[in-house]
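Here is the structure we will look at.
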Protein chains: 2
Amino acid sequence: MTRAQRPMRADAQRNRQRVLRTAAEVFAAEGLSVPVHEIARRAGVGTGTVSRHFPTKESLYAAVLLDRMGQLSGYADSLAAEDDLGTAFFALFGRLVREGAAHRGLAEALAGSGFDIEAAASSAGCNVSDRLRRLLSEAQDAGAVDPGVTFADIKALMAGCLAYDGPDPDRVIDVISRGLRVPG
Amino acid sequence: MTRAQRPMRADAQRNRQRVLRTAAEVFAAEGLSVPVHEIARRAGVGTGTVSRHFPTKESLYAAVLLDRMGQLSGYADSLAAEDDLGTAFFALFGRLVREGAAHRGLAEALAGSGFDIEAAASSAGCNVSDRLRRLLSEAQDAGAVDPGVTFADIKALMAGCLAYDGPDPDRVIDVISRGLRVPG
DNA sequence: GTTCAACCGGGATGACGATCCCGATTATTC
DNA sequence: GAATAATCGGGATCGTCATCCCGGTTGAAC
């Protein structure tokens, strides 16, 4: 147990954020194979700076992904105030799909290297997965979602949707949402 | 205009097939980043043999993808005999999703390098896309599919489904199929 | 059975990119 | 404002891989 380390120097913190944001944009726009060197260039820092904050490229992937999950977690919290549970569920589902499209590759790359995303996320205090699970069962109790649908189905559908990165994601989400509602 | 070239030597043809099949399996199982060297090793040939048949790795991607599209095209043909147009449509849709999961990455990689998959496929005489489009409109005329759904929606849904590579693809396909049917 | 062009294996080559390192710089503390 | 420890930039290093090449081999034709 070492003493609580002193806070990061201001410029270091700034650079870290800058790299993280740049990386998120660049990965989303051009894929994960963009060289670290290029991310450093666009962020306006040296490659050494990137390396220091994120010792491997993989750790940069993880940081970008966790950062995004934190944001989504905030959105999930904001839905707690929603009265209509069906609306809340479909809102979160839709948002996850829309926002997640760009990050599917990240999740794949990390999973492929034995990085446990869910564990890391929940230890970071943002378990989007649990919130969605709870919303699903509440929405089912409220009669807004087909009770035959399982959480695994939802995850699978999302995994699918996350890949879609074309125009009109709303139409896709609509069709799927329709499939999830109570039949009849 | 050169004279029609003489047929490939028997061993060359055999090796080409062997590489193509091995590549399809390996890509599906371990992703596109597997080294060409490794594919050659598993196929039991030298790297030079792979290079000769497929001068670049990208051309290997294309060959694997077109090969698979040819097979799917054959399946689409076999559905021509089906009486129930709704059944035929959902059969092709489901099959495309199930079989396609492993090949999404291929399509992405090629699209990213300006390779026109649809054009290549149709010039190879196997336009799965057109067949699906026709089946959709026939199934809609027959009252089996919601007439409000467009072909673009279908392509989008497929793009999404293609990403899903987990257990129970059938449940996912069921939910989506339910969303596509005529509203009750 | 002989000839020859096509084909084979796998090592050599070169490019690219992640990571490490170190002298220069700058934020923080007193 | 001086001291110092954290940070910075970007070049050096090392591996990995796609691609090329060439001496040896084999199928095909006569």
Side-chain angles (χ1 to χ4, degrees), chain A residues 2-24 26-27 29-65 105-106 109-110 112-115, chain B residues 2-24 26-27 29-65 105-106 109-110 112-115:
Chain A
T2 64
R3 267 194 62 208
Q5 54 201 349
R6 82 172 71 184
M8 224 184 267
R9 234 169 69 173
D11 56 343
Q13 207 155 358
R14 214 168 30 241
N15 277 330
R16 198 193 136 89
Q17 277 305 107
R18 203 200 299 259
V19 169
L20 201 55
R21 219 170 308 150
T22 305
V26 173
F27 286 154
E30 309 181 22
L32 301 182
S33 61
V34 174
V36 170
H37 164 83
E38 175 65 14
I39 291 168
R41 196 185 63 76
R42 295 206 204 181
V45 302
T47 61
T49 301
V50 176
S51 272
R52 200 168 327 104
H53 288 297
F54 310 99
T56 68
K57 191 173 190 182
E58 202 169 81
S59 71
L60 181 56
Y61 290 164
V64 168
L65 189 57
L106 283 175
L110 288 169
S113 319
F115 176 87
Chain B
T2 66
R3 267 194 64 207
Q5 57 201 347
R6 79 173 72 186
M8 226 185 265
R9 237 170 64 174
D11 55 345
Q13 207 154 1
R14 215 169 28 242
N15 277 331
R16 198 195 134 89
Q17 276 305 107
R18 204 199 299 257
V19 169
L20 201 55
R21 221 170 306 151
T22 304
V26 173
F27 286 154
E30 308 181 24
L32 301 182
S33 61
V34 174
V36 170
H37 164 85
E38 175 65 15
I39 290 169
R41 197 186 62 76
R42 295 205 204 180
V45 302
T47 61
T49 301
V50 176
S51 272
R52 201 169 323 104
H53 288 298
F54 309 99
T56 68
K57 192 172 190 183
E58 201 169 84
S59 72
L60 180 57
Y61 290 165
V64 168
L65 188 58
L106 284 175
L110 288 170
S113 317
F115 177 87

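Just so it is clear, the model here is predicted, and its values are computed rather than measured. Computation of the quantities below employed the complete heavy-atom set of this structure, encompassing side-chain atoms and omitting hydrogens, waters and symmetry-equivalent molecules. In the text below, chain A, chain B and the rest are named by the order of the sequence lines, each starting its count at 1.
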Would you tell me if any nitrogen or oxygen in the side chain of R9(A) comes within less than 4.0 Å of OP1 or OP2 on dT26(C)?
no

List the steps and the verdict of side-chain contact (heavy atoms from CB on, under 4.5 Å) for R42(B) and V26(B).
CA-CA 9 Å; R42(B) 295 205 204 180; V26(B) 173; 3.9 Å; yes

Distance col, row R14(A):CZ vs R9(A):CZ, nearest 0.5 angstrom, shows 10.0 Å

OG1/T22(B) to CD/Q17(B) distance, rounded to the nearest 0.5 angstrom?
10.5 Å

So, OP1 or OP2 of dC8(C): does either fall under 4.0 Å of a side-chain N or O from N15(B)?
yes

Report the residue (M8(B) or P35(B)) whose heavy-atom-nearest nucleotide on DNA chain D is the more 5′ of the two.
P35(B)

Between P of dA18(C) and CZ of R41(A), the distance in whole Å
14 Å

Taking the minimum atom-to-atom distance to the side chain of A10(A), which one of dC7(C), dC8(C), dT28(C) wins?
dT28(C)

Can you give me the first and the last nucleotide of DNA chain D (5' to 3') that has an atom within less than 4.0 angstrom of a non-hydrogen atom in chain B?
dC17(D) to dA28(D)

Considering heavy-atom distances to DNA chain D, does T47(A) or H53(A) have its closest nucleotide positioned more toward the 5' end?
H53(A)

Check G31(B) against V34(B) and note the closest heavy-atom contact, atom names and distance.
O-CG2, 3.4 Å

What integer distance in Å separates K57(A):NZ from dC20(C):P?
15 Å

Distance check needed: dG17(C) C1' versus I39(A) CD1, whole Å only.
12 Å

If you define the side chain from C-beta out and look only at heavy atoms, does anything of L60(B) sit under 4.5 Å from F27(B)?
yes

Give the rounded distance in Å between these two atoms: CZ of R52(B) and P of dA6(C).
12 Å

Within this structure, what is the CG-NZ distance for the pair L32(A) and K57(A), rounded to the nearest 0.5 Å?
7.0 Å

Starting at atom CD of E38(B), determine the distance to atom P of dG10(C), rounded to an integer number of angstrom.
14 Å

